[in-house]
Amino acid sequence: MDPVVVIDFETTGLSPDMGDRATEIAAVFIRDGRIVDQYQSLMNAGVRIPSFIEHLTGISNAMVREAPPASQVMAEVADFVGDYPLVAHNASFDRKFWDAELARIGRRTPQAFACSMLVSRRVLPQAPNHKLGTLVEYAGLPVTGRYHRAQADAEMAAYLTLYLERALMERFGLQAVSHDLLGRIQRTAKTQLENCIARYGGAAAGSG
DNA sequence: TGCCAGGCCCTCTTTAGGGCCTT
């Protein structure tokens, strides 16, 4: 696969439009089928974390109070990501916070997002469900830490992305799976996966 | 511990409703 960065946010809730903010981010750089670099940091956005979220993630208000400001962390992670395309599990969620937090510091990143959840629905329709933890267990991938912490979730989403890449290569005889092909797969109706690969898989092979 | 959002997807659909997934 062409180099991509897998990101994962922990936040105070589900929607930046409702005032929710990021509390932690991790970014995992994958190249040539393996993780080659990582960035992770808690961040202080100056908002209170609901107790439910504290229990869910293990990220407390005390931890975030001592973290660097969100503006600093987002600038650092944006520099880390650069122009590389992004992957996230349920990317619509992470994209909302990525765009909202970067907008707060006057930055934007135009690169494409691919979604490991939507791709897994196409490639692994037989999985019990398509939650990250379920897919990690289903595929026999390493549990790299506590679920709902950014570093662990980003690493596991990265391993899942590599697993999906290998599954597509073996199933369809592809030489490579580009980020663009992942995007096409996630937008393809589930009955049209073969047609999508036939149309775009060849162009992807050897391009990444 | 979730009542909050929103994009995507499926079907008992398309003039709609509801489940999945993320925190």
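Residue numbers begin at 1 in each chain, while the letters A, B, ... track the order of the sequences.
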At 4.0 Å (heavy atoms only), tell me whether [X] reaches a base, stays on the sugar-phosphate, or touches nothing.
X         : value
Phe9(A)   : sugar-phosphate
Asp8(A)   : sugar-phosphate
Asn129(A) : sugar-phosphate

Sequence neighbours excluded, which residues qualify as salt bridge (Lys or Arg N to Asp or Glu O under 4.0 Å) partners of [X]?
X         : answer
Arg184(A) : Asp180(A)
Glu101(A) : Arg21(A)
Arg107(A) : Asp79(A)
Glu24(A)  : Arg149(A)

(message) Does anything in residues 55-65 of chain A come within less than 4.0 Å of DNA chain B? Heavy atoms only, and list the residues if so.
(response) His55(A), Leu56(A), Thr57(A)

(message) Tell me which residues in residues 139-152 of chain A lie within less than 4.0 Å of DNA chain B, going by non-hydrogen atoms.
(response) His148(A)

By side chain to side chain donor-acceptor pair (under 3.5 Å) - contacts of [X] (at least two apart):
X         : answer
Thr12(A)  : Asp20(A)
Tyr84(A)  : none
Thr144(A) : Glu155(A)
Glu194(A) : Arg171(A)

(message) Is a donor from one side chain sitting under 3.5 angstrom from an acceptor on the other, for Ser116(A) and His89(A)?
(response) yes

(message) With nearest nucleotide decided by heavy atoms, which residue, Met117(A) or Ser15(A), maps closer to the 5′ end of DNA chain B?
(response)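 In this pair, the answer is Ser15(A).
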
(message) Roughly how many Å apart are dG18(B) and dT1(B), using the P atom of each and rounding to a whole number?
(response)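 Straight-line distance between the two P atoms is 27 Å.
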
(request) Sticking with atom C1', work out how far dC12(B) lies from dG17(B), rounded to a whole angstrom. (result)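 It comes out at 10 Å once rounded to the nearest Å.
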
(message) Starting the side chain at C-beta, find the nucleotide from dT1(B), dG6(B), dC21(B) nearest to Asp17(A).
(response) dG6(B)

For a quick test of your reading: what N or O donor-acceptor pairs under 3.5 Å do the side chains of residues 132-141 of chain A make, sequence neighbours left out?
unit_1    : atom_1 : unit_2    : atom_2 : d
Thr134(A) : OG1    : Asn129(A) : OD1    : 2.8
Thr134(A) : OG1    : Asn129(A) : ND2    : 3.4
Tyr138(A) : OH     : Gln126(A) : NE2    : 3.0

Show me the protein contacts with nucleotides 9-14 of chain B, counting only N or O atoms at under 3.5 Å.
unit_1 : atom_1 : unit_2    : atom_2 : d
dC9(B) : OP1    : Gln186(A) : O      : 2.6

(request) Go through the steps for Val6(A) and Leu160(A) under the test side chain to side chain contact (heavy atoms under 4.5 Å, CB included), then give the verdict. (result) CA-CA 10 Å; Val6(A) 183; Leu160(A) 173 62; over 6 Å; no

